[in-house]
There are 2 protein chains.
Amino acid sequence: MAIRPAEQLIHKAAWLYYAHGLRQDEVANQLNISRASVAMYLRKARETGIVNISTSTQLFTDDVMARKVEDAFGLDAVWIAPENAYLADPSTDIAVLAASVFLELVKKGDRIGVAWGRTVYTIADIMSFADLQDVTVVQLCGNLGAPYSYRPDQCTMEIARRLNAKGLNFYAPLVLSTEGLAKSLRGEPVIRDQLAGIADCDLALYSVGAVDADSHLVKCGALSPAEMEALRSQGAAGVIAGQIIDARGEVLDCSYNRRVISAELASLRAIEKRLMVVQEDTKFEPLLAAIAGGLCTHLVVGAHMAERLLQHAGAAIKKAS
Amino acid sequence: MAIRPAEQLIHKAAWLYYAHGLRQDEVANQLNISRASVAMYLRKARETGIVNISTSTQLFTDDVMARKVEDAFGLDAVWIAPENAYLADPSTDIAVLAASVFLELVKKGDRIGVAWGRTVYTIADIMSFADLQDVTVVQLCGNLGAPYSYRPDQCTMEIARRLNAKGLNFYAPLVLSTEGLAKSLRGEPVIRDQLAGIADCDLALYSVGAVDADSHLVKCGALSPAEMEALRSQGAAGVIAGQIIDARGEVLDCSYNRRVISAELASLRAIEKRLMVVQEDTKFEPLLAAIAGGLCTHLVVGAHMAERLLQHAGAAIKKAS
DNA sequence: CACGGCTCTCGACAAAAGTCAAATTTACAT
DNA sequence: ATGTAAATTTGACTTTTGTCGAGAGCCGTG
């Protein structure tokens, strides 16, 4: 950390204010500094995670719909963000909820796998700071060197920063031009270790991508729109940690996937808590695929998506009977 | 819980304010209520534990002295409240710290054993509310029916209330007049179950009492000052959960102990995290006894007490060499 | 159906917290 | 030693929050 005396002061101010319930001016003359400084220290304390303000996410799981989705898909826990009921921008609401849920799921000493995407980055961005000890955040997939603001390593690093945790980045590109090169790279000790460490995670945070021209994979140049379309007709249903999955949630057998450096789905499934967050309603099928593939134990979605999931489950039951 | 609509509103207000960072007036017209109501809801949210504000207790463990005490006595974690550096009343500071530490140690689904005493009651009294799910608070010792404000069952209940947890009380007196009656009572199914359940706790919270006329045991009439003095000369060194222990931290072999209904020390030792809090400097020897008996893995004390502990440890080492 | 007693809500005021530009200190390179 | 840039601190100001008594709505009861 930075300078000791400052840290110490922040901590003392936070302690007197939040734990003992003194007023700012009382804290100020306890510590012989101005009230303005106290206010500043307190802000820093909040930003650093020395004090933690968290709101229970109970309400969002207590929902009957959430329970139904849990039952219908065999998930451990589901949170539903009530759409447009609260705020102008519903996707922000989902991200805020996801961040809270995420912070609730993280424990001291945990190892956390983080994938990549707009959703994950949004979450990282609005997530409040926490002072977890002994936490490691590992990147689940290789990097996309695109001129993009949310790169995989940025997601990892930002979340690590907010948790006061150690960030373990992947020093490899997400996609290589030949299968052979990808294979060799995967064999490299540095990369190999990183990949092997993924199954040891306690918690994973990711979203699922759609298989269309709007996908990051296309925008970052990993695949052309035409290639994406081709994959789609080959059965591609979604994107997880940079890999293409089919409707059953298995890795699609295609050249692209063989050229990717990313967590194996088996490793992901080995992670105890897999938190999946889906913001866009268009990602219905990708989400179904991810759930089918057992890539998600904890789910955060909007109300609309939850309804579609339930409709789908209902239809499936009818069809079966 | 109480009425649903009110709960719902509190939750929504808390969510918008704390998670989304809106101002109170913004929340107010989102929910179409007055700002004053919002302020009120937010207070309730804090009081209910729907929002949690916690300050890291890091600083108090980071202390070099804390580390030394940990090493010298083989404890898992030690927190030291800097005496008089902060506030007028140092004992409050210890209690506030203890409450924070306690809340940090509690996990969802835990079973918590709580003993009895002024210290424990003070902690219960200043502890902030939390919305833990699935937590059970069990009483570690029988009741003292004295006209006292902090009775064992009150400690248990108050803590349970603050945690939104289930409280399991002991429906038996702490001390009986004959050994035979105590034995029979211990055999009663209700009591037997309660006693058996203690070893299953994940966390215990207690203090240690001194063997003198100021002890609660004397004040509540369980023992006369003369009896206390006699026990002292027989080797009594402290009081844990209503039982008299000797300097090694074992149950003293005496009639009083055989007439007591309380957790067996073996059960207490079976609890993973044993948080002991000592406020008074006079409880030095009782604390040593408790530590010697392995009744404490996590310790919260004042700076002065910590120094005495270290001195003692230093002296013991010198003597040995 | 009128009546206390009850809780809930709001407006207005008081208190507290946040903010910002200027002043002061500190750190460091010259 | 000395000037300069960066960081810290502060007083004065604004905005936000807390509080309290008055009034409105609600219910069971006589």
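Each chain gets a letter, A, B and so on, in the order its sequence line appears, and its residues count up from 1.
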On the nucleotide C:dC8, are OP1 or OP2 found under 4.0 Å from the side-chain N or O atoms that B:Tyr41 carries?
no
The correct set of residues in residues 42-49 of chain B placing a heavy atom under 4.0 Å from DNA chain D is B:Arg43, B:Arg46
A:Glu158 and A:Arg161: CA distance, side-chain angles, deciding distance, salt bridge (charged side-chain N to carboxylate O under 4.0 Å, His left out) verdict:
CA-CA 5 Å; A:Glu158 183 59 22; A:Arg161 192 171 74 86; 3.0 Å; yes
Please confirm whether the shortest side-chain N or O distance from A:Ser37 to OP1 or OP2 of D:dT10 is below 4.0 Å. yes
Exercise for the section: Quick one: sort the B:His20 and B:Trp15 rings into parallel, tilted or perpendicular, breaks at 30° and 60°. Expected result: perpendicular
Per atom distances to the A:Ala39 side chain, the nearest of D:dT9, C:dT19, D:dT17 is C:dT19
Dot-bracket for DNA chain C, 5' to 3', Watson-Crick and G-U pairs with both distances under 3.5 Å, [ ] for crossing pairs, | for partner on another strand, reads ||||||||||||||||||||||||||||||
note: B:Asp25, atom CG; C:dC10, atom P; distance rounded to Å ~ 14 Å
Separation of C:dT25 atom C1' from A:Asn32 atom CG, nearest Å, is 17 Å
- Any side-chain heavy-atom pair from A:Val101 and A:Val277 closer than 4.5 angstrom? no
A:Gln8 atom CD is separated from D:dT8 atom C1', nearest whole Å, by 18 Å
Atom OH of B:Tyr17 and atom P of D:dT16 are separated, to the nearest Å, by 10 Å
Here the distance between atom C1' of C:dA15 and atom CD of A:Glu26, to the nearest Å, is 12 Å
Among the nucleotides D:dT17, C:dT19, C:dA17, whichever has the atom closest to the side chain of A:Arg35 is C:dA17
CE of A:Met276 to CG of A:Leu75, rounded to nearest 0.5 Å, is 10.5 Å
Problem set entry | Close side-chain approach of B:Pro82 and B:Phe60, heavy atoms under 4.5 Å | yes
Apply the test side chain to side chain donor-acceptor pair (under 3.5 Å) to residues B:Gln194 and B:Gln139: give CA-CA distance (whole Å), side-chain angles for both, the deciding distance (0.1 Å), then the verdict. CA-CA 8 Å; B:Gln194 174 96 7; B:Gln139 188 176 331; 5.6 Å; no
Rounded to the nearest 0.5 angstrom, the OG1-CG distance for A:Thr156 and A:Leu168 is 9.5 Å
Classify the ring geometry of B:His216 against B:Trp116: parallel below 30°, tilted from 30° to 60°, perpendicular beyond 60°. tilted
When rounded to whole Å, the CG to C1' distance for the pair B:Asn29 and D:dT16 reads 15 Å
Assign each of A:Met40 and A:Arg23 the nucleotide of DNA chain C bearing its closest heavy atom; nearer the 5' end lies the nucleotide of A:Arg23
Between CG of A:Leu22 and P of C:dA16 the distance, given in whole Å, is 12 Å
State whether A:Gln24 places a side-chain N or O below 4.0 Å from either non-bridging phosphate oxygen (OP1 or OP2) of C:dG18. yes
By side chain to side chain contact (heavy atoms under 4.5 Å, CB included), A:Asp71 pairs with (sequence neighbours left out) none
